[in-house]
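Only heavy atoms go into these numbers, but all of them, side chains included; no hydrogens, no water, no symmetry mates. The sequence lines fix the lettering, A, B, ..., with proteins before strands; numbering per chain opens at 1.
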Amino acid sequence: MSKEIPKNYDARLTEDAIYESWEKSGFFNPDNLANSKWLLANGKKIHKLLARRQKTFSIAMPPPNATGTLHIGHSVMLAIQDLVIRYHRLQGKKTLWVPGTDHAAIATQTVVEKILAKEGITRHDLGREKFLDRVNDYVKNSQGIIKKQIRKMGSSCDWSRERYTLDKGLSEAVTEAFVQMYEDGLIYRGFRIVNWCPRCHSTLADDEVEYKPAKEKLYWLKYGPFILATSRLETKLGDTAVAVHPKDARYKKYVGKKLKIPGVLGEFEVTVVADEAVDMNFGSGVIKVTPAHDFVDYEISQRHKIPLKQVIDEDGKMMSNCGKYAGLTTKQCREAILSDLQKMGLIEKIEDGYEHNLAVCYRCGTVIEPLPSRQWFIDVNKPLDKFGGKSIKQKSVEAVKKGRIEIIPKRFEKTYFSWMENLRDWCISRQIWFGHRIPVWYCSDCNEKKPIVLRGKPECCPACSCRHLEQDPDTLDTWFSSGLWTFSTLGWPKNTKDLKNFHPTSLMETGYDILFFWVARMIIMSVYLLREVPFHKVYLHGLVRTKSGEKMSKSKPETVIDPLDMIEKYGADSLRLSLLIGTAPGNDVKMYEEKIAGYRNFVNKLWNISRYILMSVEEIKLAEKQPKAQTLSDKWILGKLNKITDVVTNELEKYNFSLAGEALRDFTWDDFADWYLEISKIEKNKDAILLYVLQNLLKLWHPFMPYVTENIWQNFGVGLLMVQKWPRASKMKNLSEGDFELIKSLVTAVRNLRSEYKIEPKNKIDAVIFAKTKLKLIKEQEDIVKSLGRLSKIDFYRKDAPKHSARAIAGDTEIYLPLENLIDLNKEKSRILKELSEAQKYSAALKKKLENSEFVKNAPEEIVDGEKEKLDQTESRIQKLNSQFKDLE
RNA sequence: GGGUUUGUAGCUCAGUUGGUUAGAGCGCCUCGUUUACACCGAGGAGGUCACAGGUUCGACUCCUGUCAAACCCACCA
């Protein structure tokens with residue numbers, strides 16, 4: 001029976017249809033995986049195991065921002081997670097992968113505001129409601145694109161459970177979390193200095209601030225009796241103190257005094273304090289203290305009870321208390337003050353090119369203005385009775401320390417600890433419109449300023465019973481809601497079946513760049529709200545970079561590799577392989593088109609292996625049991641298959657995707673295609689084994705490249721590959737691996753000599769082999785050796801070496817190819833001499849090792865024995881080389 | 001300032017508890033019989049595993065230091 005199969009695999013023609021058949025099958029949904037009735041109705045012949053699924057495996061997909069499109073970084077996460085999910089599904093587990101999107105508050109609002117700016121309007125022109133309509137429209141559109149892209153990658157996630165952080169259920173989770181934390185006294189409202197982005201018009205959490213190096217001017221001021229430096233002249237208007245180091249003898253006499261300092265708005269008073277935060281060896285050892293606009297200064301002011309004077313407002317402009325400077329931007333003000341100070345002769349000197357780090361907003365790059373503001377915070381250090389006096393921070397550290405969460409690779413645990421241990425109170429309120437509104441109301445009638453915090457909207461003020469309630473205008477930090485992701489997606493706060501079955505999730509897989517932003521916050525939230533970890537394992541992948549190691553960035557389009565382009569050109573399987581193989585956990589990956597093309601070649605190789613088998617077998621059928629080995633090569637390939645099955649399984653269990661893939665590729669291409677398939681053309685009648693190995697290979701490869709394997713599998717007509725049973729290695733005895741290796745090296749040696757003497761493959765030649773103890777073995781495999789070595793006949797019984805011949809040694813055997821006039825005896829001699837000297841060097845090294853009594857004494861026995869055997873082999877090789885050489889004289 | 005990672009063949013990278021005559025893919029050179037595949041096959045060249053010490057019978061692998069590159073955290077006026 002022969003089948004028409006195209007010579008080259010064309011991913012474009014098949015991938016979409018295959019995805020559709022997976023999706024239609026319902027098997028992305030774990031409920032269907034366990035429902036035997038459902039299976040009987042829809043599947044053809046599906047393994048019984050499906051009906052008995054007990055164990056679960058779950059992953060919450062890190063929700064891409066509902067803005068824009070997916071980039072290659074998303075492809076990495078999808079490739080890895082889908083691999084893991086498919087592997088566990090094949091292992092027979094109830095496997096759930098929950099997809100979704102994140103509203104990404106500031107990021108999304110910023111994008112839409114930019115679009116509005118092009119139309120010449122701001123969000124204030126539209127008003128809150130209409131603006132949110134615009135944002136929601138935008139989000140809907142981009143969610144559509146994202147979902148399509150996730151499907152294109154082949155992701156087997158359960159679309160019926162798809163979630164969005166602003167969904168009703170998830171919003172209820174957010175409110176519930178807020179209320180619980182408020183009631184436990186973990187959430188409080190405080191007036192303090194925060195990171196403020198004047199463009200976003202909002203606070204930012206500490207880790208949403210980025211630092212970039214900048215060169216600025218450093219101004220040295222005459223400041224009463226002091227000389228001190230600042231780069232921010234405009235903050236002088238908010239100075240309320242001067243600080244020196246407690247041990248600094250130079251300034252001791254001023255400490256505790258109040259001084260009048262001449263300034264651009266007349267004299268002002270500062271207190272001189274002594275504080276450890278000052279470095280007496282840096283600059284003049286004196287700093288001016290502006291508590292309202294600098295974090296360090298704020299802390300100093302707290303310690304010494306120094307008043308706070310705000311001079312910069314939320315637009316980044318000077319406030320009305322700044323006299324003639326009021327209304328200027330900080331930059332304008334700085335210049336104005338500079339020229340005024342110069343007129344007054346208060347500038348000592350100006351240093352140019354002062355290098356320091358500028359704090360900027362991680363979303364829009366605007367310079368951060370620290371300023372005091374009334375905001376909501378989470379107290380991360382408050383001891384809680386329910387945790388035996390421990391704080392949520394301590395509990396979160398504990399979860400990893402006690403091994404309830406394992407981070408892969410392990411080195412990131414250290415990073416996690418140091419971040420968590422240094423965590424300060426988390427500012428969770430944002431002054432933007434897009435996001436979860438803070439569930440807090442205030443009464444505008446009564447004087448009761450106490451916030452009203454309820455799970456639903458309050459009917460009336462509990463104090464004065466009026467109905468004039470206003471909700472806090474602020475929204476919550478986007479990470480507050482995504483911190484709940486692993487359980488809010490499963491129905492929390494309701495006590496759902498999904499929550500019971502699938503939480504804690506089995507694995508969190510994400511880039512190391514959001515370990516702090518997200519992973520740490522999920523741990524805090526889950527540990528506090530559910531009293532359990534959100535996931536058992538965290539696998540962190542690296543960033544995708546260009547071939548030269550740069551970050552791919554939108555500002556340099558030529559550096560960006562668009563996953564959809566690559567899928568269109570090479571297929572999703574090739575893209576996936578290029579992201580999964582040749583990488584190590586947590587290490588960055590360099591990506592470039594040639595790499596993907598290389599894997600496309602491999603996908604095509606697997607296609608052609610299958611093509612050959614399907615076209616040559618008598619009957620295409622399922623080979624469920626391991627067939628009996630008839631020949632040496634059969635034993636060898638089945639033994640190797642068993643071995644590789646174990647290797648792949650073990651490596652996947654250890655999250656070593658790359659090692660699993662490499663081993664599997666080597667087996668597929670080198671062992672199976674290049675040797676066994678070729679031998680199958682000689683020995684014939686191998687249908688059962690060919691089908692068996694192929695079918696196992698398809699299963700083993702499926703998690704890596706689901707499309708092409710599923711495509712090929714469809715030839716067997718037994719349902720979908722994605723829900724078959726993962727292979728188990730059978731224990732085989734008598735693998736005869738060494739015997740087969742000898743045959744391989746015989747063939748290789750012959751090929752080598754042929755190549756050396758440029759004998760074209762079409763010229764079959766004779767050979768003389770001194771087979772020694774291996775005579776029986778080689779005679780049994782004579783057809784293979786002859787065919788693969790392009791030999792017309794082999795003489796096993798000749799006693800003397802033919803003089804004019806090319807010679808080689810394979811194991812214990814000697815090979816002679818009589819080539820009469822082609823042979824250049826001198827060339828032969830020098831080749832043998834070269835080999836001889838290499839062998840002698842090797843033998844000398846081995847001897848030296850074995851003569852070392854320390855080695856023999858200390859090394860394990862099997863190592864010593866191994867070295868002895870190597871020495872024996874090398875010695876016997878030397879002997880043979882010598883005799884071959886002598887023959888030539 | 002504190003921390004992490006990386007440095008292995010021309011390029012991209014594997015090498016998991018210390019024992020291989022150091023591997024793969026791409027690229028390069030030579031040759032192409034065989035209707036699975038030229039997105040292929042056969043053969044080959046190419047590395048003192050950044051450098052210097054140390055531990056050890058034995059180091060690409062462990063320790064210390066140096067050099068180079070990248071990143072994270074903190075941030076000093």
Could you please name the option among [options] that lies closest to any side-chain atom of [X]?
X: A:Lys7; options: B:rA38, B:rC40, B:rA14; answer: B:rA38
X: A:Asn858; options: B:rC57, B:rC37, B:rU20; answer: B:rC57
X: A:Leu677; options: B:rA42, B:rA36, B:rA77; answer: B:rA36
X: A:Asn852; options: B:rA77, B:rC57, B:rC71; answer: B:rC57
X: A:Asp666; options: B:rA70, B:rA24, B:rU33; answer: B:rA24
X: A:Tyr354; options: B:rU33, B:rA77, B:rC39; answer: B:rA77
X: A:Tyr842; options: B:rU12, B:rU21, B:rC40; answer: B:rU21
X: A:Asn608; options: B:rU21, B:rC37, B:rC76; answer: B:rC37
X: A:Asp279; options: B:rA36, B:rA42, B:rA77; answer: B:rA77
X: A:Ala673; options: B:rA36, B:rC76, B:rC72; answer: B:rA36

Give a yes/no answer on whether the side chain of [X] brings an N or O atom under 4.0 Å of OP1 or OP2 in [N].
X: A:Lys681; N: B:rA36; answer: yes
X: A:Lys605; N: B:rG41; answer: yes
X: A:Trp220; N: B:rA77; answer: no
X: A:Lys762; N: B:rG32; answer: no
X: A:Tyr512; N: B:rC71; answer: no
X: A:Lys414; N: B:rU4; answer: yes
X: A:Asn587; N: B:rA14; answer: yes
X: A:His356; N: B:rC76; answer: no
X: A:Asn601; N: B:rC40; answer: yes
X: A:Lys595; N: B:rG25; answer: no

### Task
Using the P atom as the reference point in each nucleotide, state the distance between B:rG7 and B:rC40 in Å, no decimals.
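Taking atom P in both B:rG7 and B:rC40, they lie 29 Å apart.
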Could you give the [atom1]-to-[atom2] distance, from [X] to [N], as a whole number of Å?
X: A:Ile596; N: B:rC39; atom1: CD1; atom2: P; value: 18 Å
X: A:Glu413; N: B:rU4; atom1: CD; atom2: P; value: 14 Å
X: A:Tyr9; N: B:rC39; atom1: OH; atom2: C1'; value: 14 Å
X: A:Leu580; N: B:rU12; atom1: CG; atom2: C1'; value: 16 Å
X: A:Ile863; N: B:rU20; atom1: CD1; atom2: C1'; value: 10 Å
X: A:Glu593; N: B:rC26; atom1: CD; atom2: P; value: 16 Å
X: A:Lys654; N: B:rG15; atom1: NZ; atom2: C1'; value: 13 Å
X: A:Leu543; N: B:rU5; atom1: CG; atom2: P; value: 17 Å

### Query
RNA chain B: A:Gly598 or A:Ile759, which has the more 5' nearest nucleotide?
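This one resolves to A:Gly598.
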### Task
Identify, between A:Lys547 and A:Pro585, the residue whose nearest nucleotide on RNA chain B lies closer to the 5' end.
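By nearest-heavy-atom nucleotide position, the 5'-most residue is A:Lys547.
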### Query
Is NZ or CZ of A:Lys870 both nearer than 6.0 Å to the six-membered ring centre of A:Tyr842 and within 45° of the ring axis?
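A:Lys870 over A:Tyr842 ring: no.
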### Identified ring pair (Phe, Tyr, Trp, His ring centres under 6.0 Å) counterpart of A:Tyr539 within the set A:Phe657, A:Phe412, A:Tyr512
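The ring pair (Phe, Tyr, Trp, His ring centres under 6.0 Å) with A:Tyr539 is passed solely by A:Phe657 among A:Phe657, A:Phe412, A:Tyr512.
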### Within-4.5 Å side-chain heavy-atom neighbours: A:Leu697 and A:Ile609
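A side-chain contact is absent here, since even the closest heavy-atom pair is not under 4.5 Å.
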### Query
Is any side-chain N of the basic residue among A:Arg877 and A:Glu838 closer than 4.0 Å to the acidic one's carboxylate O?
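So A:Arg877 does not pair with A:Glu838 through a salt bridge.
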### Task
With heavy atoms under 4.0 Å as the rule, sort A:Arg665 into base, sugar-phosphate or nothing.
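Sugar-phosphate contact only - A:Arg665 comes under 4.0 Å of backbone atoms but never of a base.
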### Task
Check every strand shown and say whether A:Ser658 touches a base, only sugar-phosphate, or nothing at a heavy-atom separation below 4.0 Å.
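Counting heavy atoms under 4.0 Å across all strands, no contact is made by A:Ser658.
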### Query
Just checking, any donor-acceptor pair under 3.5 angstrom between side chains of A:Lys288 and A:Thr235?
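Note: A:Lys288 and A:Thr235 side chains meet the donor-acceptor criterion.
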### Query
Do A:Tyr570 and A:Tyr599 have ring centres separated by under 6.0 Å?
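No, too far apart.
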### Message
Using the rule side chain to side chain contact (heavy atoms under 4.5 Å, CB included), only one of A:Ile712, A:Val708, A:Leu577, A:Val648 pairs with A:Trp701; which is it?
### Response
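Single side chain to side chain contact (heavy atoms under 4.5 Å, CB included) partner of A:Trp701 among A:Ile712, A:Val708, A:Leu577, A:Val648: A:Leu577.
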